[in-house]
Amino acid sequence: FSNKNIRKAFSYAINRLEFDSDLLGTPALRFLPRPLALGTVNPIAHDPIKAKDFLKLGMNELDILTSREPNTFKFRMFSDNLVLISSDSLPQIKTARFLQEQWKKHLNLHVEVKIQSFHSYLDKISSGRYSIGIATGIAPDMDPTSILERFKNKNAPRNHPQFENQKYSEILSKLNETSDVPLRIQLMNEAENLL
């Protein structure tokens with residue numbers, strides 16, 4: 001999942017509108033939750049054709065596929081590491097099963113779901129010892145930057161995927177230096193789109 005095109009493939013394969021939201025509420029079509037989302041950003045799209053194209057492109061870049069035939073050893077290593085960890089909470093289990101179905105349906109890949117006790121799950125997520133994980137975040141206040149700031153530095157405690165991007169960090173620095181509301185909204189949208 002260090003390959004951007006593999007990550008795009010897995011994201012495009014998820015039809016969030018098919019998610020049964022009785023337990024968890026309305027599916028998110030952007031990164032920030034509705035009460036904190038300001039302005040307009042590119043929605044998180046579902047496109048199974050793009051998903052397959054990005055998967056193929058990423059697998060070619062990783063030499064898992066070649067123009068002639070798949071590298072059997074590398075494909076097995078890739079598929080053996082398609083593991084989604086989830087805590088044993090009902091919402092996370094439900095989300096994990098939904099994602100597993102979506103990736104099978106749209107990418108024809110089996111992703112193993114490993115349900116862990118909360119302590120074991122938290123240990124793996126916090127230490128970065130996972131391929132795919134489900135995490136929830138609660139904003140401490142009604143400021144979108146409280147969520148966006150989590151991803152400014154890969155060593156931040158709640159930045160579980162260890163995301164870091166120089167342009168993203170620069171946007172957040174500009175955001176913290178201004179009190180101009182329209183400019184803040186613009187910068188928040190830029191950061192969210194990049195994220």
From [X] [atom1] over to [Y] [atom2], what is the distance, rounded to the nearest 0.5 angstrom?
X	Y	atom1	atom2	value
Lys105	Asn108	NZ	CG	13.0 Å
Gln102	Phe19	CD	CZ	10.0 Å
Asp180	Leu175	CG	CG	11.0 Å
Asn60	Asn5	CG	CG	10.0 Å
Lys124	His119	NZ	NE2	11.0 Å
Lys50	Ser11	NZ	OG	11.0 Å

Looking at every non-hydrogen atom in both residues, tell me the closest pair between [X] and [Y] and how far apart they are.
X	Y	result
Asp88	Ser117	OD2-CA, 3.7 Å
Asn159	Lys154	ND2-CA, 3.4 Å
His106	Lys52	O-CE, 3.1 Å
Gly58	Asn3	CA-OD1, 3.5 Å
Ala9	Ala51	CB-O, 3.2 Å
Leu38	Arg30	O-NH2, 3.3 Å

| query | Do Thr145 and Asp143 get their side chains close enough for a donor-acceptor pair, meaning under 3.5 Å? | reply |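 A donor-acceptor contact under 3.5 Å links the two side chains.
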| Flag for Asp123-Gln116: side-chain donor and acceptor within less than 3.5 Å | no
| task | Show your reasoning for whether side chain to side chain contact (heavy atoms under 4.5 Å, CB included) applies to Val111 and Lys104. | result | CA-CA 7 Å; Val111 175; Lys104 181 65 177 173; over 6 Å; no
Do [X] and [Y] have side chains that get closer than 4.5 Å, going by heavy atoms?
X	Y	result
Phe98	Glu18	yes
Ile132	Val83	no
Ile6	Met59	yes
Ile147	Leu32	yes
Thr95	Gln92	no
Leu148	Ile171	no
Thr178	Arg184	yes
Leu82	Phe78	yes

| request: I would like to know whether Asn71 and Asp63 meet side chain to side chain contact (heavy atoms under 4.5 Å, CB included); could you show each step before the answer? | output: CA-CA 7 Å; Asn71 180 318; Asp63 290 327; 5.8 Å; no
Is it possible for you to say whether [X] and [Y] belong to one hydrophobic cluster, with membership spreading through side-chain heavy-atom contacts below 4.5 Å?
X	Y	answer
Ile49	Leu57	no
Tyr121	Tyr130	yes
Ile185	Leu195	yes
Leu107	Met77	no
Leu122	Ile93	no

For the backbone of [Y] and the side chain of [X], can you confirm whether one donor and one acceptor N or O come within less than 3.5 Å of each other?
X	Y	value
Trp103	Phe10	yes
Ser86	Ile115	no
Arg158	Ala156	no
Ser131	Asn81	yes

| task | Given side chain to side chain contact (heavy atoms under 4.5 Å, CB included), test Leu84 with Gln100 step by step and report yes or no. | result | CA-CA 8 Å; Leu84 170 62; Gln100 181 184 46; 5.6 Å; no
| query | Does atom NZ of Lys4 have more than 12 heavy-atom neighbours, drawn from other residues, nucleotides or ligands, at distances under 6.0 Å? | reply | no
| query | Mind checking whether Phe163 and Tyr168 have parallel, tilted or perpendicular rings, split at 30° and 60°? | reply | perpendicular
| task | Step by step, work out the side chain to side chain contact (heavy atoms under 4.5 Å, CB included) result for Leu172 and Glu149. | result | CA-CA 7 Å; Leu172 288 185; Glu149 281 286 335; 4.0 Å; yes
